[in-house]
Amino acid sequence: MKKITDFFWFCSGAHIETLKKFPTEHNKFVGIGATIFFTALFATLSGGYAMYFVFSGSPAAVVFAVLFGLIWGLAIFNMDRYIVSSINKSGTTNQQIAQATPRILLAIMIGIVISRPLELKIFDKEIRQKLKTSYLNGQRSKIDTLNRTFSNKYSMELAKLQDLNSEQDSLTKDINRSRYVLNQEVFGDKTNQTSGIVGYGTYAKQKDAVINQKLERLNAVRQDIAKMENFINRRKDLDGISTERMFSGKQLDSLVNVAGFADRNWALGQLSFNADGTRELGTYLAISFIGFLFILFECLPVFVKLMSNRGPYDIAVGNVEESSIYGSYKNKDYDIAVTDGVQDTKIETEIDKQKQIIRGQSEKELQNYSWD
């Protein structure tokens, strides 16, 4: 238990030797340290999960995810620990809020960043379904675009093929009617189109000849249709239309499995909207509340420190800092005084040395003069 307490004290950024002197402050700093630690832990999980998607499909994806998650978590831990420990409880409430404001703004940004990958995991099933729908719509749109482009490019040929098909249908119906009338003529049924004479007579032969002419034309039309269809099919092969198909279930699953972070993030954003573009309030609130929860969780270390009362530890730390500052100024005065004394001694020593040199030169000149 002592090791856990010491660890959370370390996480809180407290001066442990000073904190040990005040037992009433121990639990408060355990709570602050635990909050910082678990915030960093969630940041580690979120960062690792995000990096796993970045390198999804790579054999080293897990390694990169673990490595980046640890680095990201340690960065958040270090920043939280520094900022929380730097909030001066000896200042006024406004001063403390001013110190914490940049950290709170940064916490909002970090909360959004670390919550997004976890939101992607929470709504994974809905995201996969949204991606499947998106991929199907995209493939359908692609096929429709190719068909429109092909229709514009070969509009004359397609129009001719349509005319030939219409003529084929018309000839087929006309031949069927003519054969029915021919049968009536042969069997002697009296109508406004038949003579009523039984047998294969002159009128029957005329009607049969007309049918043969129509059959010849029908065969010619069918040959033209076959040629035109072959031409169009070859053009479709060359333009890549024939190979385009709607995705199967297995293909959609494969595409969703390799979907990148950007696609999944887009799909998560689209979950908040209905098909007609209106806001889907339930999903929107669920996603928003998860984001707000992580933002609040990221801000908790600062809030905990701000909400805590100024205790004996804070006063003792303030006194230690004041004493250190005072001692620093005294050390400065000491160093200045020593430096001044040393410099004065050097100057006096140099002056005496120069005087001795001058005296020696004067005595030597006097001796030379007396010899002369």
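Sequence positions, counted from 1, serve as the residue numbers for this chain. Since the model is a prediction, treat every value here as computed from it, not as a measurement. These numbers come from the heavy atoms of this one structure, side chains and all, not from hydrogens, waters or symmetry mates.
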query: Any side-chain heavy atom of Thr145 within less than 4.5 Å of one from Arg148?
result: yes
Over all atoms of both residues, closest heavy-atom pair of Gln168 and Arg222: OE1-CG, 3.1 Å
statement: Shortest non-hydrogen pair, Glu119 vs Gly291, comes out as OE2-N, 3.2 Å
- prompt: Roughly how far, to the nearest 0.5 Å, is CZ of Phe37 from CZ of Phe42?
  reply: 11.0 Å
- line: Distance col, row Thr349:OG1 vs Asp344:CG, nearest 0.5 angstrom, shows 10.5 Å
message: Measuring from atom NZ of Lys353 to atom NZ of Lys346, what distance do you get when rounded to the nearest 0.5 angstrom?
response: 13.0 Å
message: Please determine whether the number of non-hydrogen atoms from other residues, nucleotides or ligands lying under 6.0 Å from atom CD of Glu157 exceeds 12.
response: yes
message: Restricting to non-hydrogen atoms, name the atom on Ile175 and the atom on Leu218 that form the minimum distance, rounded to 0.1 Å.
response: CD1-CD2, 3.8 Å
- request: Determine, using the 4.5 Å side-chain heavy-atom cutoff (strictly less than), whether Ile287 and Met109 are members of one ILVMFWY cluster.
  value: no
- prompt: Does the side chain of Leu268 reach to within under 4.5 Å of the side chain of Leu271, using non-hydrogen atoms?
  reply: yes
field: Nearest-0.5 Å distance that lies between atom OG in Ser288 and atom CG in Leu293
entry: 12.5 Å
- line: Ile36 and Cys11 have their tightest heavy-atom pair at CD1-O, 3.4 Å
query: Between Val338 and Asp335, is a side chain to side chain contact (heavy atoms under 4.5 Å, CB included) present by the stated rule, with each step listed?
result: CA-CA 5 Å; Val338 170; Asp335 292 337; 5.7 Å; no
query: Donor-acceptor pair, Ser170 side chain versus Ser166 backbone, under 3.5 Å?
result: no
field: Heavy-atom pair of closest approach, residues Arg217 and Leu171
entry: CG-CD1, 3.6 Å
- request: I would like to know whether Asp144 and Arg140 meet salt bridge (charged side-chain N to carboxylate O under 4.0 Å, His left out); could you show each step before the answer?
  value: CA-CA 6 Å; Asp144 291 342; Arg140 185 180 295 109; 5.9 Å; no
- request: Please assess Gln343 against Ile347 for the test side chain to side chain contact (heavy atoms under 4.5 Å, CB included), listing each intermediate value before the final yes or no.
  value: CA-CA 6 Å; Gln343 189 66 24; Ile347 292 172; 4.2 Å; yes
query: Quick one: NZ on Lys153 to CG on Leu146, what's the gap to the nearest 0.5 Å?
result: 11.0 Å
message: Restricting to non-hydrogen atoms, name the atom on Trp9 and the atom on Ser12 that form the minimum distance, rounded to 0.1 Å.
response: O-OG, 2.6 Å
task: Mark yes or no for whether Thr345, through its side chain, and Gly341, through its backbone, hold a donor-acceptor pair below 3.5 Å.
output: yes
query: CG/Leu215 to OG1/Thr172 distance, rounded to the nearest 0.5 angstrom?
result: 9.5 Å
query: What do you reckon, is OH of Tyr135 surrounded by more than 12 foreign heavy atoms closer than 6.0 Å?
result: yes
query: Are Leu45 and Ile76 joined in one hydrophobic group, where the rule is that I, L, V, M, F, W and Y side chains link up if heavy atoms are under 4.5 Å apart?
result: no
- prompt: Out of curiosity, does Phe29 fall in the hydrophobic cluster containing Ile4 (side-chain heavy atoms, cut-off under 4.5 Å, transitive links)?
  reply: yes
- prompt: Applying the 4.5 Å side-chain criterion to the ILVMFWY set and letting contacts propagate, would Val342 and Tyr334 be lumped into a single cluster?
  reply: yes
statement: Residue set satisfying ring-ring contact (aromatic ring centres under 6.0 Å, His included) with Phe38, at least two apart, ordered chain then number -> none
- prompt: Can any side-chain N or O of Asn78 pair as donor or acceptor with the backbone N or O of Leu74 at less than 3.5 Å?
  reply: no
field: Note: Lys173-Asp169 ion pair, threshold 4.0 Å (strictly below)
entry: no
message: Is it the case that over 12 heavy atoms from other parts of the model lie below 6.0 angstrom from the NZ atom of Lys20?
response: yes
query: Are Tyr82 and Phe8 linked, directly or through other ILVMFWY residues, by side chains that come within less than 4.5 angstrom of each other?
result: yes
query: Using 4.0 Å as the upper bound for N to carboxylate O, is an ion pair formed by Asp174 and Arg177?
result: yes
task: Begin from the C-alpha positions of Ile127 and Gln270 and carry the test side chain to side chain contact (heavy atoms under 4.5 Å, CB included) through to its verdict.
output: CA-CA 9 Å; Ile127 288 172; Gln270 293 300 309; over 6 Å; no
task: Check whether any side-chain heavy atom of Asp124 lies under 4.5 Å from a side-chain heavy atom of Arg264, and answer yes or no.
output: yes
Name the atoms and distances for all side-chain donor-acceptor pairs under 3.5 Å in residues 224-231, with sequence neighbours left out.
residue: Asn230; atom: ND2; partner: Ala226; partner atom: O; Å: 3.1

